[in-house]
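The sequence lines fix the lettering, A, B, ..., with proteins before strands; numbering per chain opens at 1.
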Protein chains: 2
Amino acid sequence: MPVPLYQAKADFFRTLGHPVRIRVLELLRDGPRPVRELLGEIEVEASNLSQQLAVLRRTGLVSAVREGGSVVYSLATPDIVDLLAAARRILTDMITGQGELLAELQAEAAE
Amino acid sequence: MPVPLYQAKADFFRTLGHPVRIRVLELLRDGPRPVRELLGEIEVEASNLSQQLAVLRRTGLVSAVREGGSVVYSLATPDIVDLLAAARRILTDMITGQGELLAELQAEAAE
DNA sequence: TGCTGAATTGAAGAATTCTTCATATTGCTC
DNA sequence: GAGCAATATGAAGAATTCTTCAATTCAGCA
């Protein structure tokens with residue numbers, strides 16, 4: 001398999017590796033939104049949000065259209081929802097696993 | 001929604017944001033493998049591979065057991081396969097989209 | 001015990017990514 | 001056109017992550 005493919009996949013995941021960008025994608029799951037609205041829900045400076053939106057745009061995960069005085073963002077493909085769901089599943093498993101581990105440790109300590 | 005949750009998700013994706021780590025996960029999709037074998041398939045130094053395996057271990061994406069003289073790695077949860085599949089789907093869409101765009105641009109240039 | 005192969009760890013400099021601030025662009029509205 | 005609100009961009013220092021090299025651990029075996 002070609003090396004650049006792994007690089008592309010890694011780059012892709014890396015663009016998801018930022019809390020603001022994740023938050024944006026999750027908000028856009030419910031439909032398109034203007035920047036102003038995103039800004040209202042994410043506690044971050046406007047210029048910082050713009051930077052993160054630019055990253056998402058460059059990667060092609062979102063698209064933006066100007067509507068009057070504002071810019072409306074939306075998910076480039078609904079497949080992103082599946083990806084986020086898969087990630088949530090894994091995280092849930094992992095946290096559950098840790099919970100069990102914790103329970104075991106506590107039981108052990110109580111002996 | 002709690003902020004640390006987004007941080008956790010971002011951290012999670014960030015651990016996937018490295019070509020060697022992606023490669024390892026894809027190799028482990030087919031079943032457990034000793035480090036020596038991974039090393040045979042990925043063109044990288046042993047110590048570098050170890051570093052990346054350590055990252056995957058810390059995040060809980062893989063688990064390792066010692067078997068005699070070697071250490072065998074495996075996926076912590078099969079859900080990871082779904083995640084990689086979802087990512088592949090999105091990447092395919094994106095590349096297809098670019099292909100179409102390229103085709104359009106070429107048609108335009110030929111006018 | 002001492003050696004060897006397999007894998008990991010620690011640490012330092014290089015490279016990349018983040019955050020922030022200042023400045024620029026764009027389209028309203030007067 | 002001037003002023004204003006919304007968004008984007010550029011650039012610099014701070015913070016994080018990568019790569020590499022040397023040193024270490026650990027099991028198995030002579």
- prompt: If each of Q51(A) and R57(B) is mapped to the nucleotide of DNA chain C with the nearest heavy atom, which maps nearer the 5' terminus, i.e. the 5' end?
  reply: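 On the 5' side of the pair lies R57(B).
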
For the student: nearest non-hydrogen atoms of G60(B) and A76(B), plus distance: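 Closest approach of G60(B) to A76(B): O-CB, 3.1 Å.
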
- request: Of all the heavy-atom pairs spanning V62(B) and R57(B), show the shortest one and how long it is.
  value: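 What the structure gives for the nearest pair is CG2-N, 3.9 Å.
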
Side-chain touch F12(A)/L83(A), heavy atoms, less than 4.5 angstrom: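 Heavy-atom side-chain distance check passes, below 4.5 Å.
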
- prompt: How about L16(A) and L25(A): do any of their side-chain heavy atoms sit closer than 4.5 Å?
  reply: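 L16(A) vs L25(A): side chains touch.
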
field: All side chain to side chain donor-acceptor pair (under 3.5 Å) counterparts of R36(A), not counting sequence neighbours
entry: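 Expected list: none.
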
message: Mind checking if S70(A) touches a base, just sugar-phosphate, or nothing, with heavy atoms under 4.0 Å?
response: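 Here S70(A) touches the backbone only, sparing every base.
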
What's the [atom1]-[atom2] distance between [X] and [N], to the nearest Å?
X	N	atom1	atom2	value
R58(A)	dA8(D)	CZ	C1'	11 Å
E45(B)	dA22(D)	CD	P	10 Å
L39(A)	dA8(D)	CG	P	11 Å
Q52(A)	dT9(D)	CD	P	13 Å

message: Quick check on R89(A): does its CZ atom have over 12 non-hydrogen neighbours (other residues, nucleotides or ligands) under 6.0 Å away?
response: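 Yes, enclosed.
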
- prompt: Is the CZ atom of R14(B) crowded by more than 12 outside heavy atoms at less than 6.0 Å?
  reply: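 Atom CZ in R14(B) is packed in, count exceeds 12.
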
- prompt: Which two nucleotides bound the region of DNA chain C that has atoms under 4.0 Å from heavy atoms of chain A, read 5' to 3'?
  reply: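 Nucleotide range with atoms under 4.0 Å of chain A: dT17(C) to dC28(C).
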
Per-nucleotide protein contact string for nucleotides 25-30 of chain D (B base, S sugar-phosphate only, - none; heavy atom under 4.0 Å): --SS--

field: Step-by-step side-chain contact (heavy atoms from CB on, under 4.5 Å) determination, V71(B) to L53(B)
entry: CA-CA 11 Å; V71(B) 178; L53(B) 288 173; over 6 Å; no

